[in-house]
Participant: 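Have a look at this one.
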Amino acid sequence: MKFTVSGKILSTAACVMLALSAPALGVAADTIKFGIAGPHSGDLAPYGLPSVSAAKLVIDKVNANGGIKGKKIEILQEDDVCKPEISTNTATKLVSSGVQVVLGHICSGATIAAMPIYKDAGILVMSPSATSDELTSSGKYPNFFRTIAPNALQSPAMIDFAINKLGKKKIAIIHDKGDYGKPLAEGAKLHVEKTGKGQVVLFEGITPGAPDYSAIVQKIKEAGAEVVVFGGYHPEASKIVSIMNKKRLGIKFVSDDGVNGDAFIKLAGEDAEGVYATGPQDTSANPLALKAKEEHKKAYNSDPGMFFDGAYAATVVMLNAIEKSGSTKLEDLKKVLQADKVDTPVGAINFDAKGDAVGLGYSMYVVEKGKYIVVK
Amino acid sequence: MDYFIELLFSGLTRGSIYALIALGYTMVYGIIGLINFAHGEIYMIGAFTAFIVATVLSIYGFPLLAIVIIAGIAAVVWASSYGYTIEKIAYKPLRHAPRLSPLISAIGMSIFLQNYILLAQTSDFLRFPRLIPDFAFMEPIAHIIGSTDLVILVTTVVVMVALTFIIKFTLIGKAMRATSQDRTMAMLVGINVNWVISATFIIGSGLAAIGGLLIASHIGQINFYIGFLAGIKAFTAAVLGGIGSIPGAVLGSLILGLTESFATGYVSSDYEDVFAFSLLVLILIFKPSGLLGKATNQKV
């Protein structure tokens with residue numbers, strides 16, 4: 001099935017869908033359908049749920065003020081559990097229920113799998129978290145934007161930190177062979193070679209889900225590594241640091257934003273102490289970020305989770321683009337996104353031609369007393 | 001040389017982890033010729049039970065040893081009752097059906113249990129408490145073998161010896177062997193075959209639960225999916241050693257663990273599984289019934 005973005009077809013489709021599912025006919029035509037896709041259940045849900053609450057906070061505010069040009073915004077939420085094979089269904093479902101813009105997806109692998117479907121439908125997609133380089137630099141997905149810096153910047157951030165701040169030269173790079181971790185690790189390796197300041201003593205992939213990683217940890221030690229750089233998600237990272245401590249390795253562990261979050265700290269417990277992880281640019285000095293955090297605390301009585309600021313920002317810029325252009329057509333939205341600098345919790349951003357936000361980078365965080373804090 | 005010894009113990013630990021699960025596969029196969037794919041899930045349920053009991057007990061401030069023992073017993077009892085029930089619900093009605101039917105039923109049971117735990121408990125990875133402390137006397141060699149690794153190794157050996165003893169020298173063991181040789185004849189000489197099969201499932205599930213407690217405590221995390229991944233490897237190990245044979249399951253597991261460990265150590269961990277499964281293929285080409293398996297004529 002392939003929809004062109006003609007308002008008529010979309011709204012007709014939407015009416016049909018609604019008529020089949022709910023009696024709320026008639027409202028369908030004059031709402032803006034805002035899709036949210038990402039892991040809302042499963043073990044990676046901590047990455048996806050904060051973006052739902054972020055979008056809800058922004059949209060509730062806009063709706064309370066009468067919506068955009070009289071149109072209310074309606075949220076359509078679909079779960080992709082971060083799996084590429086499921087995210088294609090998620091995307092098809094959202095497209096066929098007539099979404100006009102999509103916030104998501106969260107994991108790079110799932111996003112890459114879903115993008116062709118949105119591209120065919122001409123729908124704007126903005127992710128707060130998918131960092132894969134392919135999404136923007138390949139030029140394959142003109143409808144993709146993101147409010148996080150790409151991996152291409154994340155790998156150098158990890159390596160530069162390990163070499164310049166920690167002063168380590170011999171680096172072991174480990175990854176989880178996945179769509180997210182492996183390119184990060186490869187980028188890290190390239191960066192070490194390019195700067196020539198350090199040396200990659202080990203570069204290997206591990207099998208996620210294995211019951212024991214002591215062999216690879218012994219190999220890290222044997223290779224004489226002074227620091228481990230890991231590309232992957234928190235469950236594997238937690239197993240590796242725990243075994244590194246059990247084997248009394250005593251070397252630092254530097255990882256990516258897939259490890260940066262409370263989920264990792266909860267899982268690794270005391271082993272998490274002293275683990276470094278890159279994360280979205282530090283926003284603690286940005287008044288808008290503080291305000292968003294306050295709103296979240298008021299509404300949900302808890303601190304926001306991973307990618308909250310990015311999702312908040314993405315929602316704000318997408319709604320701004322819809323309002324400014326008065327349209328939900330990709331071309332019109334794109335023009336506004338590229339031209340208009342908008343103040344958001346991640347800073348004042350606009351987008352380059354590839355879809356990356358201008359001026360975003362990474363900050364380094366460290367676990368201290370059970371909490372991630374920014375390394376100044 | 002140090003490196004070799006370190007890898008050796010890594011491999012032995014991994015092998016023992018597989019062995020604790022593989023024993024259950026091999027026992028069930030030995031008795032009723034069924035590959036119980038839900039066995040990995042029993043292991044996972046054992047780990048979850050131990051997790052819940054241990055967490056509750058530690059809130060009430062029980063000493064660590066008491067927590068380990070009570071959580072262990074609870075896990076064994078709970079997992080065994082699952083094993084018993086699964087056999088009654090999913091396999092017994094299909095006992096005279098074509099061989100494929102109970103196999104599909106087993107896969108179905110496995111998926112059912114995974115999703116049941118996913119919905120009833122959580123999808124998150126949970127931090128499993130460290131139930132086995134670092135022993136002081138292990139400290140000088142902690143970089144080679146940890147305390148948990150040691151406990152897992154010892155448990156595997158004890159369990160294997162005990163199982164072999166039960167099967168060789170006790171009445172239930174004799175009944176098991178008779179049932180495995182010929183179910184109808186065993187019935188004719190007065191063996192309650194249904195009971196023997198139930199006992200097999202109960203013992204196998206209990207072992208899986210002990211494995212669940214130890215392994216989860218070793219890796220420090222559990223979720224609903226651990227049983228599937230560990231189960232596949234343990235099943236491979238059981239086939240490697242000769243499915244149906246108890247020493248075979250342990251031997252196969254150790255060989256698999258050591259292969260993975262040395263492949264990681266001397267070649268690359270990217271190819272860990274490639275080496276493990278190439279070995280399986282090689283062994284099955286030359287010894288189709290596995291290392292210690294008996295070549296039996298197919299009774300069709």
Participant: For Lys170(A), does the NZ atom sit with more than 12 other heavy atoms under 6.0 Å from it, leaving out its own atoms?
Facilitator: no
Participant: Strictly distance-based, threshold 3.5 Å: is any side-chain N or O of Lys247(A) a donor or acceptor partner for the main-chain N or O of Ala142(B)?
Facilitator: no
Participant: Ignoring hydrogens, what is the shortest heavy-atom contact between Gly42(A) and Asp124(B)? Give both atom names and the distance.
Facilitator: O-OD1, 3.9 Å
Participant: Where the side chain of Lys266(A) meets the backbone of Arg127(B), is there a donor-acceptor pair that is under 3.5 Å apart?
Facilitator: no
Participant: Considering all heavy atoms of both residues, which atom of Gln221(B) and which atom of Pro235(A) are nearest to each other, and what is their separation?
Facilitator: NE2-O, 3.0 Å
Participant: Report the distance from atom CG of Asn245(A) to atom CG of Asp134(B), rounding to the nearest 0.5 Å.
Facilitator: 10.0 Å
Participant: If you take all heavy atoms of Ser217(B) and Lys246(A), which pair is closest and at what distance?
Facilitator: O-NZ, 4.2 Å
Participant: Report the option among Lys233(B), Arg130(B), Glu260(B) that has the most heavy-atom pairs separated by less than 4.5 Å from atoms of chain A.
Facilitator: Arg130(B)
Participant: Heavy-atom pairs under 4.5 Å with chain A: which of Ile215(B), Ile144(B), Thr13(B) has the most?
Facilitator: Ile144(B)
Participant: Ignoring hydrogens, what is the shortest heavy-atom contact between Asp212(A) and Ile219(B)? Give both atom names and the distance.
Facilitator: N-CG2, 4.4 Å
Participant: Closest approach of Gly209(A) and Leu229(B), non-hydrogen atoms and distance?
Facilitator: CA-CD1, 3.7 Å
Participant: Specify which of Ser147(B), Ser268(B), Ser269(B), Ser261(B) makes the most heavy-atom pairs with chain A at under 4.5 Å.
Facilitator: Ser269(B)
Participant: Applying a criterion of heavy atom separation less than 4.5 Å, what residues of residues 267-278 of chain A form contacts with chain B?
Facilitator: Leu267(A), Ala268(A), Gly269(A), Glu270(A), Asp271(A)
Participant: Applying ring pair (Phe, Tyr, Trp, His ring centres under 6.0 Å), which residue pairs with at least one partner in residues 205-225 of chain B are found, sequence neighbours left out?
Facilitator: Tyr225(B)-Phe228(B)
Participant: Between Glu6(B) and chain A, which part of the residue has a heavy atom less than 4.5 Å away: side chain, backbone, both or neither?
Facilitator: both
Participant: If I take atom CD from residue Glu222(A) and atom CG from residue Leu7(B), how far apart are they, to the nearest 0.5 angstrom?
Facilitator: 8.0 Å
Participant: Please determine whether side chain to side chain contact (heavy atoms under 4.5 Å, CB included) holds for the pair Tyr3(B) and Lys219(A), giving the CA-CA distance in whole Å, both sets of side-chain angles, and the decisive distance to 0.1 Å.
Facilitator: CA-CA 8 Å; Tyr3(B) 185 47; Lys219(A) 200 172 185 184; 3.2 Å; yes
Participant: Please check: side-chain N/O of Gln218(A) versus main-chain N/O of Gly265(B), any donor-acceptor pairing under 3.5 Å?
Facilitator: no
Participant: So which residue, Ala263(A), Pro46(A), Gly205(A), Ser214(A), ends up with the most heavy-atom pairs under 4.5 Å with chain B?
Facilitator: Gly205(A)
Participant: Looking at Glu204(A), His234(A), His175(A), Lys177(A), which one has more heavy-atom pairs under 4.5 Å with chain B than the rest?
Facilitator: Glu204(A)
Participant: Under 4.5 Å, counting heavy-atom pairs only, tell me which of Phe125(B), Tyr18(B), Tyr266(B) racks up the most with chain A.
Facilitator: Phe125(B)
Participant: Checking Leu126(B) against chain A: side chain, backbone, both or neither under 4.5 Å from a heavy atom?
Facilitator: backbone
Participant: Would you indicate whether Tyr60(B), at its atom OH, is surrounded by more than 12 heavy atoms from other residues, nucleotides or ligands within a distance under 6.0 Å?
Facilitator: no
Participant: Closest heavy-atom contact between Ile17(B) and Pro211(A)?
Facilitator: CG2-CB, 4.0 Å
